[in-house]
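Here is the structure we will look at.
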Amino acid sequence: MKPTTAEGTRDFTPEQVLKRNYIFDTIRSVFVKYGYLPIETPAMENLSTLSGKYGEEGDRLLFKILNNGEYLKGIKPADIEAQAYKALTPALAKRGLRYDLTVPFARFVVMHQNEISFPFKRYQIQPVWRADRPQKGRYREFYQCDVDVVGSTSLVYEAELVQIYDEVFSKLNLPVVIKFNNRKILTGIAEVAGIPELMVDMTVAIDKLDKIGLDGVKKEMADRGIGEAAVEKITQILAIQSLEELESALSASETGKLGIQEIQTMLQFLNSSPLQQEVQFDITLARGLNYYTGCIFEVQAKGVTMGSIGGGGRYDNLTEVFGLKDVSGVGVSFGAERIYDVLESLQLFPNDNSSSLKVLFIVLNEEAQLYAFKALKKLRDAGVNSEMYPEPAKFDKQIKYAQKRQVPFVIIVDTDELQSGLLRFRDLTSNQVEKLNLEEIIAKTQAL
RNA sequence: GUGAUUGUAGCUCAGUUGGUUAGAGCACCAGAUUGUGGUUCUGGGGGUCGCCGGUUCGAACCCGGUCAUUCACCCCA
């Protein structure tokens, strides 16, 4: 049989892993600097923990794990006959793969509430799984890098998370737009338009503004059952440019006004120090996950066509379903796979060879091999990344291997070298050969 | 979930209206050549044409299914 990876999953070559680690390391270093602590949670969760947290669409995309043993025990034939998946799923699968890191984190907070002190700041870099059809920038297994703080309603944290976004993407040399909005403003718009119960439908529609245009949004809202007068009112509000105007437009909605206040407070904190990336209020930003209740964020890379490479927001009630009330949280996520794809297409990965091989011994007979093996250990003890060709093969073969490994230097050991103790140290980029003893070579390569 | 797309050697790809033993370049292996050695030449190994089934005297080619790829929608990181 011909082996393949499962749909939507990938292997990573050494080169790719090194690049991915560069992203993870950059992100992690900023998280740590801002005082966040690492946690990890299991790849699988009880399905009851995950179900119902991501909306109907999310439930459909959850990977379920078939129960072990006699998993048909207790299944009603009638349910199978009727194809009653809703009833069958919990009986067939008790567990599922995590869909994101936020819900498992909420579970973690509830379970460990007596051990952690609030506000609790944690970061988590782990893979998540979604049974989505793969396409550009979308995989079935991908890493998320989450930072969240729970147990405080302070808008300082909203500002801090924007700073984290700003710092990470600046470190990665990647120009982005950090967009923000507030769910309370969207609620306010729905209230002012007289359709508070259709708020979700409204946001789904206006989220597509830049994709389908204003007419498309109007049509979508109408299709979703929003009346003509309300559509007109919403369209008017969407045209508003300044927060001041928006405030007066939403004056009839307490929630809407609160949302504007929150944004103003956050901006006040943000304005205290300069940011390198563009930060932009976007009234059309909605975000799918319906647990957000306050500020919401989304990051888009400039100069490439790619979905958002990060997102997040404040959620007031996430731990409530697990029995812990009044713990507000706010957090953002970095989409490592998409950041990778963007950095690759913009050629922004640095040429960092610090962890790569520096020296390769080329040995031309067995005696030389023994000699080189001993010298190799000395070189390694001196902290020089080095290797030896495993057998005294033809010179051609060995030097081709060196080229493939992109080693900058080779040390050639043959009978002459054994007698004189002077090794042929060759720079493969300039092709210069120097005859040096081992100590000189160590001194030279250590400095690289 | 809906609709397309592609799948031939390790890699990149040819392969005629369905017709004998499926090809090239690169890579790999061997020999020669080269000795401040990476060149060049010659030869060689390697494919159940993704998989299963069907149509046909005959299938890489046509049809169905399936697995995987890429892409759009939906949704999302």
Side-chain angles (χ1 to χ4, degrees), chain A residues 1-11 13 23 27 54-62 85 98-102 124-146 165 176 200 203-205 207-208 211-212 216 220 223-224 285-290 292 296-301 304-313 331-342 360 362-364 389 393-407 410 412-417 424-435:
Chain A
M1 66 167 276
K2 191 168 186 168
T4 54
T5 56
E7 183 179 358
T9 65
R10 301 157 298 162
D11 288 329
T13 63
I23 295 172
I27 290 171
Y54 309 104
E56 208 175 312
E57 181 75 10
D59 274 0
R60 196 166 61 75
L61 298 180
L62 282 174
Y85 296 109
R98 63 167 171 252
Y99 179 88
D100 71 357
L101 300 178
T102 308
Q124 192 171 354
I125 299 176
Q126 288 191 282
V128 302
W129 294 269
R130 297 184 187 179
D132 220 338
R133 273 282 187 85
Q135 64 180 60
K136 188 178 183 185
R138 189 158 81 183
Y139 307 97
R140 284 186 153 185
E141 176 185 64
F142 61 96
Y143 270 75
Q144 285 192 333
C145 313
D146 273 27
Y165 266 146
V176 296
V200 171
T203 54
V204 169
D207 194 34
K208 298 178 184 169
K211 203 168 191 176
I212 60 178
E220 173 119 12
D223 289 347
R224 287 172 176 271
L285 182 63
R287 307 237 358 112
L289 301 176
N290 47 24
Y292 293 123
I296 47 182
F297 305 100
E298 193 162 292
V299 181
Q300 237 136 42
V304 286
T305 314
M306 176 64 78
S308 63
I309 56 175
V332 297
S333 177
F334 291 78
E337 325 294 326
R338 288 189 178 176
I339 293 172
Y340 182 101
D341 289 347
V342 169
L360 177 81
I362 287 182
V363 291
L364 295 169
Y389 199 83
K394 279 175 44 171
F395 183 87
D396 284 38
K397 197 169 171 172
Q398 298 195 48
I399 203 141
K400 273 184 182 169
Y401 177 76
Q403 282 178 310
K404 229 176 259 179
R405 289 293 305 269
Q406 298 185 302
V407 193
V410 292
I412 301 157
V413 190
D414 204 348
T415 319
D416 294 355
E417 285 73 24
R424 267 189 285 171
F425 181 75
R426 180 155 158 189
D427 182 335
L428 283 184
T429 41
S430 68
N431 260 339
Q432 301 259 311
V433 182
E434 288 180 89
K435 295 210 170 187

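So that the names make sense, note that chain A is the first sequence line, chain B the second, and so on, each numbered from 1.
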Q) Could you state the CZ-P distance from A:Arg426 to B:G35, rounded to the nearest angstrom? A) 14 Å
**Q.** Distance, C1' atom - from B:C29 to B:U66, rounded to whole angstrom
**A.** 37 Å
Q.
Going by purine N1 to pyrimidine N3 plus the second Watson-Crick contact, or the G-U wobble pair, all under 3.5 Å, which nucleotide sits opposite B:C62?
A. B:G54
Q.
Rounding to an integer number of Å, can you tell me how far A:Asp132 CG sits from B:A77 P?
A. 11 Å
**Q.** Inter-nucleotide C1' distance (B:C76, B:G7), Å rounded
**A.** 28 Å
Q: Using a cut-off of 6.0 Å, state whether more than 12 heavy atoms not belonging to A:Asp223 lie near its atom CG.
A: yes
(Q) What's the closest nucleotide to the side chain of A:Val204 if the choices are B:C28, B:A77, B:C75? (A) B:C75
Q. Within the structure shown, what part of the strands sits under 4.0 Å from A:Gly312 by heavy-atom distance: base, sugar-phosphate, or nothing?
A. nothing
Q: Please report, rounded to the nearest Å, how far the C1' atom of B:U6 is from the CD atom of A:Gln135.
A: 16 Å
Q) When you check the phosphate oxygens OP1 and OP2 of B:C29, does a side-chain N or O of A:Lys397 lie under 4.0 Å from one of them? A) yes
Q. Starting at the 5' end of RNA chain B, which residue's closest nucleotide do you reach first, A:Thr9 or A:Gly137?
A. A:Thr9
Q) From B:U69, B:C75, B:U33, pick the nucleotide closest to the side chain of A:Glu57? A) B:C75
Q) Taking the C1' atom of each, how far is B:G46 from B:G10, in whole Å? A) 9 Å
Q: Quickly work out the A:Gln403 CD to B:A27 C1' distance and round it to whole Å.
A: 14 Å
Q: Could you state the atom-to-atom distance from NZ of A:Lys136 to P of B:C75 in whole Å?
A: 19 Å
Q | Rounded distance in Å between the C1' positions of B:C63 and B:G25 | A | 34 Å
Q: On the 0 to 90° scale, with breaks at 30° and 60°, tag the A:Tyr54-A:Tyr99 ring pair as parallel, tilted or perpendicular.
A: tilted
**Q.** Listed nucleotide nearest any side-chain atom of A:Ile412, set B:C71, B:G37, B:A77
**A.** B:G37
Q: Measure from CZ on A:Arg10 to P on B:U70 and round the result to the nearest Å.
A: 9 Å
Q.
Give me the distance, rounded to whole Å, that separates B:G15 from B:U8 when you measure between the P atoms they each carry.
A. 14 Å
Q: Take atom CD of A:Gln398 and atom P of B:C29, then tell me their distance rounded to the nearest Å.
A: 12 Å
Q: Can you sort out which residues in residues 331-338 of chain A have a heavy atom within less than 4.0 Å of RNA chain B? Ascending by number, please.
A: A:Arg338
Q) Taking atom P of B:G35 as reference, at what distance in whole Å does atom CD1 of A:Ile362 sit? A) 18 Å
Q | Pairwise P distance for B:U55 and B:C73, with rounding to whole Å | A | 41 Å
Q. If you check the A:Tyr139 side chain, which of B:G37, B:A77, B:C75 turns out closest?
A. B:A77
Q: Look at all strands and tell whether A:Lys435 reaches a base, only sugar-phosphate, or nothing, counting heavy atoms closer than 4.0 Å.
A: nothing
Q | Separation of the P atoms in B:U70 and B:A60, to the nearest angstrom | A | 27 Å
Q: Report the C-alpha separation of A:Phe334 and A:Tyr165 in whole Å, then their side-chain angles, then the decisive distance to 0.1 Å, and conclude whether the ring-ring contact (aromatic ring centres under 6.0 Å, His included) test is met.
A: CA-CA 9 Å; A:Phe334 291 78; A:Tyr165 266 146; 4.9 Å; yes
Q. C1' atom, B:A22 versus B:G47: distance in rounded Å?
A. 9 Å
Q: Check whether the side chains of A:Thr5 and A:Asp11 place a donor and an acceptor atom closer than 3.5 Å, and report yes or no.
A: no
Q | Gap between atom CG of A:Asp341 and atom CZ of A:Arg138 - 0.5 Å precision | A | 13.5 Å
Q: Return the 5'-most residue of the pair A:Thr5, A:Val299 with respect to RNA chain B, ranking by each residue's nearest nucleotide.
A: A:Thr5
Q.
Quick check: any donor-acceptor pair below 3.5 Å linking the side-chain of A:Arg138 to the base of B:C75?
A. yes
